[in-house]
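In what follows, a structure is listed as structure tokens, so that the remarks can point back to it.
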Amino acid sequence: MKARQKRLVFVGLAVLGVAAASTLALTALKGNISYFFSPSQVVANEAPQDHVFRIGGLVTEGTVRREGDGLTVHFDVTDNAETVKVAYTGILPDLFSEGKGVVAKGRLGPDGVFLAEEVLAKHDEEYMPPEVASTLKTTHAEGVAETAIQASEATN
Amino acid sequence: MSEFLSQGGYGFFVWGAYGMVAVLLVAEVLQLRAQRRTIWSRLGRLTRMRDTGGTE
Amino acid sequence: MTLNWFKFASPASFYPIAGRLIPVFWILTLLLLAIGLYWGFFETASKLGGSNPQKEYYRIIFIHVPSAWMSMWLYIVLVGWAAIGLVFNTRLSFMMANAVAPTGAIFTFLALWTGAFWGRPSWGTYWDWDPRLTSELVLFFLYIGYIALHSAIDDTRRADRASALLAIVGLIMVPVIFWSINCPDPNQCAALHQRSNLTRIDGNILFSMLTMTLAFWMYGFAATFMRLRSIILTREAENTWVQELLNARRQA
């Protein structure tokens, strides 16, 4: 490759790199990246009715049910103020569990059930072996409390 | 040993991650050594050309 | 200590110093890697409990966190040298910045890769437009942009200055992007990646993670100094000391 062609390629790459970085910066500032709606917002009809969005909250205790075929799972998402029913067909992530944080992407069905095409589990900053870990009761309470705080900030 | 490789069934993810780290860091070192060799041989060639006062 | 620092600022005087330090850094790297990896795989629980009950895949932490921290640290080092070069017009400073960039880029890629392989089993996805992940991706683009821009400009001095400016602008952009996505209104954005908190990590896990971080840091020094010496030889080729080194090598 001639020297000038090489330069052109490098300049092109550099420009692309900066352009990509700036584009991300601008879209980020517009708040388009990584948003979700809380169950309270969904219940208040603030979430889009006709296209894909994300809902985030905690998985309500005791609500995880598998359908007869074993492939579809139902659970409730809550922000300790309102609750939304979710249906999902697929493999749940390892950290998905009742009382823990979850983010689901999908659409709201006509009957108010959120039909998820993707379910992601969240986790906190603790890394402890099982015998040393804080008791399930304490951490569950912490997690619930923190989500409640976030939710009340959200609805205020 | 098979337990170690399997990593609870998550071997693909664990070794996929560790493997890439090993590959890239080793590759980087090998590239740096090759670069150094090239520079010395290039310097040697230039000096020889200059000393003999013409094309080799 | 009255040391003439500017003496060390010359490529000619730093070249042999770097040469003597490289093997030391390699020994430290290998030692720390051995300790860190052994401890991480054999002195820690295979599964976690409590509020974050991760399975064996959590062990990616021992290479993911060190990679991420090094990617950020090396970028700060790069910008530091670039700024010193711009202000003091010292040759070695720009050479240091250029020596650091590729290693920094590699660590950034590894942070993203190891993060992806950790995210898939734990969260359920290889990628998310979360503040931390997105900022790290931007950092990767900045490293690549720096290297590409420098290669694109023929005149070394102008290349040094242009890429130095890009790096400094980038340093401002990263926290802006991070804080704008991690915005205070929880309605508008979500973070998948948790906040970091070293106080809630088990002692054995923390020890291994920090040992691996140190190992990566020593590796960073070794690789950067190796690259620096090549850069010095290339840029200073016309100088007498390089010619003398060449003759000494020929006779050896």
Side-chain angles (χ1 to χ4, degrees), chain B, chain C residues 22 26 29 33 37 40-42 46-47 54-64 66-67 99 102-103 105-107 109-122 126 212 216 219-220 222-234 237-238 242-243 245-247 249-250:
Chain B
M1 179 59 168
S2 68
E3 223 181 80
F4 181 76
L5 289 176
S6 152
Q7 289 292 318
Y10 294 103
F12 170 76
F13 300 103
V14 174
W15 304 123
Y18 277 84
M20 179 58 85
V21 172
V23 162
L24 284 191
L25 295 188
V26 167
E28 184 182 16
V29 175
L30 293 177
Q31 185 270 329
L32 286 171
R33 292 171 64 165
Q35 183 180 57
R36 183 174 165 76
R37 278 196 300 271
T38 310
I39 288 173
W40 276 124
S41 74
R42 198 177 343 131
L43 282 177
R45 225 187 2 251
L46 286 171
T47 308
R48 277 201 301 282
M49 278 173 64
R50 208 180 37 223
D51 289 346
T52 59
T55 53
E56 256 189 325
Chain C
I22 289 171
W26 277 124
T29 302
L33 276 178
L37 288 171
F41 276 93
F42 299 108
S46 51
K47 295 195 225 293
Q54 298 198 17
K55 306 261 168 35
E56 285 85 345
Y57 51 77
Y58 90 87
R59 290 206 165 111
I60 296 177
I61 195 176
F62 303 125
I63 46 174
H64 173 72
S67 301
T103 304
I106 288 173
F107 277 130
F109 176 82
L110 288 175
L112 292 167
W113 179 276
T114 56
F117 273 62
W118 192 2
R120 182 72 182 101
S122 58
Y126 284 106
M212 290 296 286
F216 278 23
Y219 171 88
T224 304
F225 278 9
M226 283 174 77
R227 191 174 290 111
L228 178 69
R229 276 163 56 95
S230 288
I231 293 174
I232 291 175
L233 287 177
T234 309
E238 296 303 306
V242 177
Q243 298 299 319
L245 264 184
L246 187 59
N247 291 333
R249 275 175 73 96
R250 290 243 212 88

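Every chain is numbered from 1, with letters handed out A, B, ... down the list of sequences.
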Q | All side-chain hydrogen bond (donor to acceptor under 3.5 Å, both in side chains) counterparts of B/Q35, not counting sequence neighbours | A | none
Q.
So which atom in C/Q54 and which in C/Y57 form the shortest heavy-atom distance, rounded to 0.1 Å?
A. OE1-CE1, 3.4 Å
Q) Can you tell which of C/A223, C/S67, C/A237 has the highest number of heavy-atom pairs within less than 4.5 Å of chain B? A) C/A223
Q: Look only at the side chain of C/W113 and the backbone of B/G16, and say whether a donor-acceptor pair between them is shorter than 3.5 Å.
A: yes
Q | Contact summary for C/P66 and C/M212, nearest pair of heavy atoms | A | CG-CB, 3.8 Å
Q | Closest non-hydrogen atom pair between B/V21 and C/L110, with its separation | A | CA-CD2, 3.7 Å
Q. Relative to chain B, which segment of C/L246 carries a heavy atom at a distance below 4.5 Å: side chain, backbone, both, or neither?
A. both
(Q) Need one label for C/F41: side chain, backbone, both or neither, based on atoms under 4.5 Å from any heavy atom in chain B. (A) side chain
(Q) Suppose we call two aromatic rings close when their centres sit under 6.0 Å apart. Are C/F117 and B/W15 close by that rule? (A) no
**Q.** Residue among C/T234, C/I106, C/L245, C/V242 with most heavy-atom pairs under 4.5 Å to chain B
**A.** C/I106
Q.
Under a 4.5 Å cutoff for heavy-atom pairs, which residue among C/W26, C/W118, C/Y58 has the most contacts with chain B?
A. C/W26
Q.
Less than 4.5 Å to any heavy atom of chain C: does that hold for the side chain of B/F12, its backbone, both, or neither?
A. both
Q. Quick one: what part of B/Y10 sits under 4.5 Å from any heavy atom of chain C, side chain, backbone, both or neither?
A. side chain
Q: Would you mind telling me which of B/L32, B/T38, B/V14, B/I39 has the largest number of heavy-atom pairs within less than 4.5 Å of chain C?
A: B/L32
Q | Region of B/L25 that comes under 4.5 Å of a non-hydrogen atom in chain C | A | both
Q: Sorted by first residue and then second, give each salt bridge (Lys or Arg N to Asp or Glu O under 4.0 Å) pair with at least one member in residues 9-34 of chain B; sequence neighbours left out.
A: B/E28-C/R227
